Amino acid sequence: MGHSQDSISRPTNEKWVTEEVTLKVLKPSARAVIPMAIFYLIVAVAITWLLIQFYVEVAWGANLLAEIIGDRFPNDTWFWWLLGSVWCLCLLQPLIRLLELKTATYEFTNRRLRYTVGILSRRRDQIELVRVRDLTAFRSLVQRLLGLGTLRMETVDRTHPQFDLIAQKSVYELKDWVHELNASERARLGYREFEGTQGIG
């Protein structure tokens with residue numbers, strides 16, 4: 001009895017027939033921007049207070065600038081323009097950081113981690129889970145207050161020797177979950193490591 005071409009070509013080894021599926025998609029928490037926002041808010045308030053306290057000196061500098069610029073200088077509203085510029089500059093950094101967090105995506109499959117980062121210029125890359133050598137979950141005091149943490153992945157990937165999943169909730173549980181994925185993928189591929197060398201058995 002003959003066999004169909006499909007049955008002949010189908011791999012018999014289980015490690016090659018396991019399909020890749022998306023298991024979880026993670027995004028950094030926007031709460032991570034809170035400390036930066038508070039810091040720049042304090043800076044903006046402090047600068048505003050200094051400008052008010054030294055208004056005479058600031059006004060003297062503004063008059064010099066008005067003589068140089070001429071009629072284009074906003075004589076009546078220059079102080080509000082100055083305050084507005086200070087606040088815009090101080091709030092710009094937290095806003096950029098917030099956009100970075102909101103546009104970052106970490107997608108875990110049963111074989112790899114795919115990540116996408118960037119606001120205007122987007123970058124997409126991946127890390128094979130089998131190439132992860134060590135996982136470390138840590139939380140600074142500020143991160144603990146925010147209920148967040150960072151998962152650090154040490155890998156044998158030349159492009160990503162170290163990769164951080166930042167601003168993650170339940171980071172300890174995430175570490176255990178990624179460790180299980182790593183162990184499963186190594187077992188599937190028969191991956192072994194001998195004295196700093198890696199290979200598939």
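Only a predicted model underlies this, so the values are computations on that prediction, with no experimental measurement involved.
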Only distances under 3.5 Å count here; give the side-chain donor-acceptor pairs of residues 43-63 to other protein atoms, sequence neighbours excluded, each with its distance to 0.1 Å.
unit_1: Thr48; atom_1: OG1; unit_2: Ala44; atom_2: O; d: 2.8
unit_1: Thr48; atom_1: OG1; unit_2: Trp87; atom_2: NE1; d: 2.9
unit_1: Asn63; atom_1: ND2; unit_2: Ala59; atom_2: O; d: 3.3

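Atom CG of residue Asp134 and atom CZ of residue Arg152 lie 11.0 Å apart, to the nearest 0.5 angstrom. With rounding to the nearest 0.5 angstrom, the OG1 atom of Thr77 is 11.5 Å from the CG atom of Leu83. Summarising the geometry, atom CG belonging to Leu145 is positioned 11.5 Å from atom CZ belonging to Arg31; distances are rounded to the nearest 0.5 Å. The line from CD1 of Ile119 to CG of Leu98 is 9.0 Å long, rounded to the nearest 0.5 Å. One distance of note links CG of Leu129 with NE2 of His179; it measures 12.5 Å at 0.5 Å rounding. The CZ atom of Phe79 lies 6.5 Å from the CG atom of Leu82; values are rounded to the nearest 0.5 Å.
The backbone N or O of Val132 sits less than 3.5 Å from a side-chain atom of Arg186, completing a donor-acceptor pair. For Arg131 (side chain) and Val156 (main-chain N/O), a donor-acceptor pair under 3.5 Å exists by modelled atom type. Checked by atom type and distance alone, the side chain of Thr109 pairs as donor or acceptor with a backbone atom of Arg112 at under 3.5 Å. Proximity of a side-chain donor or acceptor of Thr103 to a complementary backbone N or O of Gly118 within less than 3.5 Å is detected. Arg97 contributes no side-chain N or O that, together with a main-chain N or O of Gln93, makes up a donor-acceptor pair within less than 3.5 Å.
Put simply, the side chain of Pro28 reaches to within 4.5 Å of the side chain of Tyr106, judged on heavy atoms. Counting heavy atoms from C-beta outward, Leu113 and Leu165 have side chains that approach closer than 4.5 Å. You'll find the side chain of Gln143 stays beyond 4.5 Å of the side chain of Val171, heavy atoms only. Between Thr116 and Glu107 the shortest side-chain heavy-atom distance does not fall below 4.5 Å. Side-chain contact between His160 and Tyr115 is present, with heavy atoms from C-beta onward closer than 4.5 Å.
Around NZ of Lys27, the count of heavy atoms belonging to other residues, nucleotides or ligands within 6.0 Å exceeds 12. Few gaps surround CZ on Arg122; more than 12 heavy atoms of other groups in view lie less than 6.0 Å from it.
The nearest pair of heavy atoms linking Lys102 to Ala30 is CD-CB, 4.2 Å. Cys90 and Pro94 make their closest contact through O-CD, 3.3 Å (heavy atoms, listed as atom of the first residue, atom of the second, distance).
Only one option out of Leu23, Asp176, Val130 pairs with Leu181 in a side chain to side chain contact (heavy atoms under 4.5 Å, CB included); it is Leu23. Checking each of Ile127, Leu151, Asp157 against Phe163 for a side chain to side chain contact (heavy atoms under 4.5 Å, CB included) leaves exactly one that passes, namely Ile127.
Clustering ILVMFWY residues whenever any of their side-chain heavy atoms sit less than 4.5 angstrom apart, transitively, puts Leu26 in the very cluster that holds Val117. Val86 and Leu95 fall into different hydrophobic clusters, where Ile, Leu, Val, Met, Phe, Trp and Tyr are joined by side-chain heavy atoms under 4.5 Å apart, directly or via other members. Cluster annotation: Tyr40 is not connected to Leu146 through the hydrophobic network of ILVMFWY side chains, with a link wherever side-chain heavy atoms come within less than 4.5 Å. Under the 4.5 Å side-chain contact rule for hydrophobic residues, Ile96 and Leu99 share a cluster. No continuous path of hydrophobic side-chain contacts links Val21 to Val25 [ILVMFWY only; heavy atoms under 4.5 Å].
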> Given the rule in the side chain to side chain contact (heavy atoms under 4.5 Å, CB included) test, do Ile166 and Leu101 qualify, once you have shown the distances and angles that lead to the verdict?
Replying inline: CA-CA 9 Å; Ile166 61 173; Leu101 294 174; 3.8 Å; yes

> What's the verdict on side chain to side chain contact (heavy atoms under 4.5 Å, CB included) for Glu185 and Asn110, showing C-alpha distance, side-chain angles and the deciding distance?
Replying inline: CA-CA 7 Å; Glu185 183 67 356; Asn110 53 332; 5.6 Å; no

>> Show, in sequence, the C-alpha distance, side-chain angles and deciding distance for Leu148 and Arg139, and conclude whether the side chain to side chain contact (heavy atoms under 4.5 Å, CB included) test is met.
In response: CA-CA 7 Å; Leu148 304 175; Arg139 304 171 71 193; over 6 Å; no

